[in-house]
Amino acid sequence: MIMEAHSLYIHIPFCEKRCSYCDFNTYAGINYLIPAYVDAIIKEIEYYGNFLGHQVPVQTIFFGGGTPSLINREYYQKILDNIHKNFDTSAISEISLEANPGTVNLEYLISLQKIGFNRISFGVQSDHPKYLELMGRIHDYQDSILAVEWAKQAGFENLNIDLIYGIPDQTLNEWKQTLDTIERLKTQHVSLYALGIEEGTPLWSWVKDGLVKAPDDDLAASMYDYSKEFLESKNFYAYEISNFAISDAERDYRCLHNLQYWRNQPYLGIGAGAHGYVNNYRIENKCNVPAYIKSFIPENHKPEIFISPGIENYTRIDTFTEMQETLMVGLRLLQEGISIPKFKKRFKKSPLKVFEREFNELLSNRLVEIDENEIITISPDKIMVSNQVFRYFVN
Ligand code: SF4
């Protein structure tokens, strides 16, 4: 039997300090829980290994957070050893780690490279002290320069930097200067995110109380348009709305792990608050770190819990929902888009038939286009309003 390849997402919910805009499942001040947490995620890996028969091929592993670079090399060695024991990793192509530039040094990066990591994603976010401070980041721009330099010295040839635009008060000219960072740091991949003002965060309160100006959406759209043009002029390929990679006939630095999500393929989510997509179930783990850890203490096991005791919720995805989700995430891929022949192969139906009314409207409003190879993509001038497209595939 040919098994579908999975990806593994492992969530590391620890940070030195909470950033002002952050609404991720992450906590400061609980680093003392790291040893127990590592034990729990190893147990969860074993649960999945047992459930899936130890033979499922895993092609990519992504440690996200939080701040995965707070975990030491010995723990990663233990975690990776367990993954190799519980899955077929013979064709693994990418092991990625998110890192905060303020938490790494050359020795640490060398040790990660030695145990198999081959991609690092640095949360640089800005080159400007004023915005790093507003966002509550623990690092400065010099830390980012050093971190990327050390990663290169350690032998990493696949590096990403995250940058944030649309920050309150940020001008287009300042953002243009930030983009020059890309030429300075010379990484193979860049992710750009518009700053979201998420309810419940300190930044949200500051904006609500008038202490900080609300970001200007039109200006953020101009920043995105400028960035896309700038990056394309530097040979970066905009393969996803927010993601740009050097990608040509010889080199392809697209993030393979994230492509798995955008192609709506299965992945396992390990750790507190992690999400997964396994055997047509969307799975959500317990967010609370102590509660997640306690689930793996034998006397707390609840046999009725599906697959892993760390799970909080799970939902069966029927075929219609799977088709909707495939369109919604696939259309984020700006060139790959949705191949009608591949969709038909997967679902035995044409998306244009199943979603006839939706596509009639999308095509007549020129929100999407279909080329001669039967690839559906978002129209290039509608990328900034892509939410109008995705809405068609939500119940
Ligand atoms: S480092 Fe990242 S995960 Fe941690 S608080 Fe800041 S934004 Fe959130």
Side-chain angles (χ1 to χ4, degrees), residues 11 13-30 64-67 98-103 121-141 143-144 160-182 190-228 230-231 240-244 272-273 275 287-289 328 332 382-391 394:
H11 191 68
F14 305 99
C15 285
E16 286 294 350
K17 175 178 167 249
R18 295 273 296 170
C19 299
S20 64
Y21 59 97
C22 182
D23 74 338
F24 302 139
N25 186 46
T26 185
Y27 308 85
I30 58 163
T67 307
E98 282 185 338
N100 187 317
T103 59
S121 172
F122 287 110
V124 170
Q125 318 308 8
S126 181
D127 61 333
H128 205 299
K130 179 168 91 179
Y131 299 125
L132 287 169
E133 195 183 326
L134 176 71
M135 292 190 286
R137 303 291 306 186
I138 58 165
H139 69 276
D140 61 24
Y141 183 47
D143 292 328
S144 298
N160 171 60
I161 53 168
D162 288 345
L163 294 174
I164 294 182
Y165 62 96
I167 305 171
D169 275 335
Q170 188 184 33
T171 65
L172 184 56
N173 270 338
E174 284 173 329
W175 174 242
K176 287 180 182 176
Q177 280 166 19
T178 300
L179 288 175
D180 289 337
T181 299
I182 294 163
V190 177
S191 302
L192 304 181
Y193 300 105
L195 184 66
I197 308 290
E198 308 299 340
E199 195 168 342
T201 60
L203 187 58
W204 177 80
S205 313
W206 299 337
V207 170
K208 187 170 62 79
D209 297 342
L211 301 172
V212 168
K213 223 163 82 183
D216 173 339
D217 291 343
D218 292 336
L219 179 58
S222 307
M223 289 177 177
Y224 177 83
D225 286 342
Y226 176 85
S227 316
K228 188 164 175 288
F230 172 85
L231 281 157
E240 196 269 346
I241 294 174
S242 309
N243 287 278
F244 302 79
H275 289 222
C287 286
N288 180 281
V289 177
M328 211 159 63
R332 296 191 64 88
K382 297 293 191 300
I383 295 170
M384 277 316 287
V385 290
S386 51
N387 280 343
Q388 288 181 24
V389 177
F390 305 143
R391 271 209 294 269
V394 182

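- In terms of heavy atoms, Ile241 sits closest to Ser386 at CD1-OG, 3.5 Å.
- Counting heavy atoms from C-beta on, the side chains of Tyr193 and Leu163 never come closer than 4.5 Å.
- Within the model, atoms CG of Leu231 and OH of Tyr226 stand 9.5 Å from one another, a figure rounded to the nearest 0.5 Å.
- A cation-pi arrangement is present between Lys208 and Trp204 under the rule of less than 6.0 angstrom and at most 45 degrees off the ring axis.
- Taking 4.5 Å as the limit, every side-chain heavy atom of Ser144 sits out of range of all side-chain heavy atoms of Ile161.
- To the nearest 0.5 Å, atoms CG (Asn387) and CE (Met328) are separated by 10.0 Å.
- Taking 4.5 Å as the limit, every side-chain heavy atom of Ser20 sits out of range of all side-chain heavy atoms of Thr201.
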Practice problem: Show your working on side chain to side chain contact (heavy atoms under 4.5 Å, CB included) between Tyr224 and Leu219 and close with a plain yes or no. | Solution: CA-CA 9 Å; Tyr224 177 83; Leu219 179 58; over 6 Å; no

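- The distance from the CD atom of Glu198 to the CG atom of Leu203 is 9.5 Å, given to the nearest 0.5 Å.
- Not counting sequence neighbours, the partners of Asp169 by the salt bridge (Lys or Arg N to Asp or Glu O under 4.0 Å) test are Lys213.
- A donor-acceptor pair shorter than 3.5 Å cannot be found between the side chains of Asn100 and Thr67.
- In this structure, the side chain of Arg18 engages the main chain of Thr26 through a donor-acceptor pair within 3.5 Å.
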Quiz prompt | Candidate pair Trp175 and Ser222, rule side chain to side chain donor-acceptor pair (under 3.5 Å), full reasoning | solution = CA-CA 10 Å; Trp175 174 242; Ser222 307; over 6 Å; no

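- Residues Met384 and Asp225 meet the side-chain proximity criterion, which asks for heavy atoms closer than 4.5 Å.
- For the residue pair Asp127 / Thr178, a side-chain donor-acceptor distance below 3.5 Å is found, with atom types taken as modelled.
- The backbone N or O of Gly123 sits less than 3.5 Å from a side-chain atom of Arg137, completing a donor-acceptor pair.
- At a cut-off of 3.5 Å, with distance as the only test, no side-chain donor of Asp23 or Tyr21 sits close to an acceptor on the other residue.
- Glu98 is linked by a salt bridge (Lys or Arg N to Asp or Glu O under 4.0 Å) to nothing, counting only residues two or more places apart in sequence or in another chain.
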Quiz item: What's the verdict on side chain to side chain contact (heavy atoms under 4.5 Å, CB included) for Asn160 and Phe122, showing C-alpha distance, side-chain angles and the deciding distance?
Solution: CA-CA 6 Å; Asn160 171 60; Phe122 287 110; over 6 Å; no

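- Between the OG atom of Ser126 and the OH atom of Tyr165 there is a distance of 14.5 Å, given to the nearest 0.5 Å.
- Not counting sequence neighbours, the partners of Tyr131 by the ring pair (Phe, Tyr, Trp, His ring centres under 6.0 Å) test are His128.
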Exercise. Would you check, one step at a time, whether the test side chain to side chain contact (heavy atoms under 4.5 Å, CB included) holds for Gln170 with Met223?
Key: CA-CA 10 Å; Gln170 188 184 33; Met223 289 177 177; 3.8 Å; yes

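- The backbone N or O of Lys130 sits nowhere less than 3.5 Å from a side-chain atom of Glu133 that would complete a donor-acceptor pair.
- A heavy-atom distance below 4.5 Å is found between the side chains of Pro168 and Pro215.
- Phe244 does not carry Lys228 over the face of its six-membered ring by the limits of under 6.0 Å from the centre and within 45° of the normal.
- Taking SG of Cys19 as the reference point, atom CD of Gln125 lies at 7.5 Å (rounded to 0.5 Å).
- Between the His139 side chain and the Leu132 main chain, no donor and acceptor come within less than 3.5 Å of each other.
- For the atom pair Thr103 OG1 and Ile138 CD1, the distance stands at 6.0 Å (nearest 0.5 Å).
- Looking at every heavy atom in both residues, Ala272 comes nearest to Pro13 through CB-CG, 4.3 Å.
- Contact check for Arg332 versus Phe390: side-chain heavy atoms found under the 4.5 Å cut-off.
- None of Asp162, Thr181, Ile182, Asn243 except one satisfies the side-chain contact (heavy atoms from CB on, under 4.5 Å) rule with Val190; the exception is Ile182.
- A distance-only check finds a donor-acceptor pair linking the side chain of Lys17 to the backbone of Gly136 [under 3.5 Å].
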Quiz prompt | Test side chain to side chain contact (heavy atoms under 4.5 Å, CB included) applied to Leu195 and Met135, step by step | solution = CA-CA 10 Å; Leu195 184 66; Met135 292 190 286; 4.3 Å; yes

